[in-house]
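What follows is a short report on a single structure.
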Amino acid sequence: MLNGGQCARCGRVYFPPIGIGCENCGAPAESLVPRALPTAGVVFAVAEVNVNTQGTKPFSVTEVVLAAGPLIRAVVHPASPPLHIGDQVRARWHVVKRNDAGADLVEPAFIKSASAFGDSR
């Protein structure tokens, strides 16, 4: 699950949650309530990043429309086969790096979920 938010007035779902009020209907911040979002979704766009300021090897990023509604951007999980527009995916937690205190920094990364949706591509 991802920790998102939802406007109690109009129902708009957000990820990540926002604290300034609903950008859809203008409801005040206190109208936004926490909401757990399932990690399943559909690939809207995907791109490979070959040059970046961190000097890491190429990686892919994707935009996914979550089943709960919002479109989010995240990296493609290293264990995933190549993604295509329309593929069904699920997020997994992916360790990005370890901080100076030894704690892992994690973020959601999407992986193709062929077995869950019967996609053979």
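One distance of note links CG of Leu37 with CG of Asn3; it measures 8.0 Å at 0.5 Å rounding. Atom-to-atom distance recorded for Arg92:CZ and Glu107:CD is 15.0 Å, nearest 0.5 angstrom.
If you chain together hydrophobic residues whose side chains sit under 4.5 Å apart, Val42 and Val46 never meet in one group.
Under the salt bridge (Lys or Arg N to Asp or Glu O under 4.0 Å) criterion, Arg73 pairs with Glu63, sequence neighbours left out.
Within the 4.5 Å cutoff, side-chain heavy atoms of Val61 are placed close to those of Val49. Under the 4.5 Å side-chain criterion, counting only non-hydrogen atoms from C-beta, Phe44 is in contact with Leu71. Within the 4.5 Å cutoff, no side-chain heavy atoms of Cys22 are placed close to those of Ser31. For the pair Ile111 and Leu83, the minimum side-chain heavy-atom distance is 4.5 Å or more. For the pair Leu32 and Ile18, the minimum side-chain heavy-atom distance is below 4.5 Å. The side-chain heavy atoms of Ser60 and His77, taken from C-beta on, include no pair separated by under 4.5 Å. Counting only heavy atoms from C-beta outward, the side chains of Val89 and Thr39 never approach each other to under 4.5 Å. At least one side-chain heavy atom of His94 sits less than 4.5 Å from a side-chain heavy atom of Pro78.
The shortest non-hydrogen separation linking Lys112 to Ser80 is N-OG, 3.1 Å. Asp87 and Pro82 make their closest contact through OD2-O, 4.0 Å (heavy atoms, listed as atom of the first residue, atom of the second, distance). Here the closest non-hydrogen pair linking Ala40 and Arg90 is CB-NH1, 3.1 Å. Scanning all heavy atoms of the two residues, the minimum distance from Cys7 to Cys25 falls at SG-SG, 3.7 Å.
Judged by distance alone, the side chain of Tyr14 and the main-chain N or O of Glu23 form a donor-acceptor pair under 3.5 Å. Asp104 places no side-chain N or O within donor-acceptor distance of the main-chain N or O of Val106, the cut-off being under 3.5 Å. At distances below 3.5 Å, at least one donor-acceptor pair connects side-chain atoms of Ser113 with backbone N or O atoms of Gln88. Between the Thr62 side chain and the Ala74 main chain, no donor and acceptor come within less than 3.5 Å of each other. The main-chain N or O of Val13 is never found under 3.5 Å from a side-chain atom of Gln6 such that the two would form a donor-acceptor pair.
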### Task
Test side-chain contact (heavy atoms from CB on, under 4.5 Å) on Leu2 and Ile72 and set out the steps.
CA-CA 11 Å; Leu2 298 172; Ile72 68 170; 4.1 Å; yes

### Message
For a side-chain contact (heavy atoms from CB on, under 4.5 Å) check, start with the C-alpha distance between Val76 and Phe110, then their side-chain angles and the critical distance, and finish with the verdict.
### Response
CA-CA 5 Å; Val76 175; Phe110 284 91; 5.7 Å; no

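Residue-environment remark: CG (Asn24) exceeds the threshold of 12 foreign heavy atoms within 6.0 Å.
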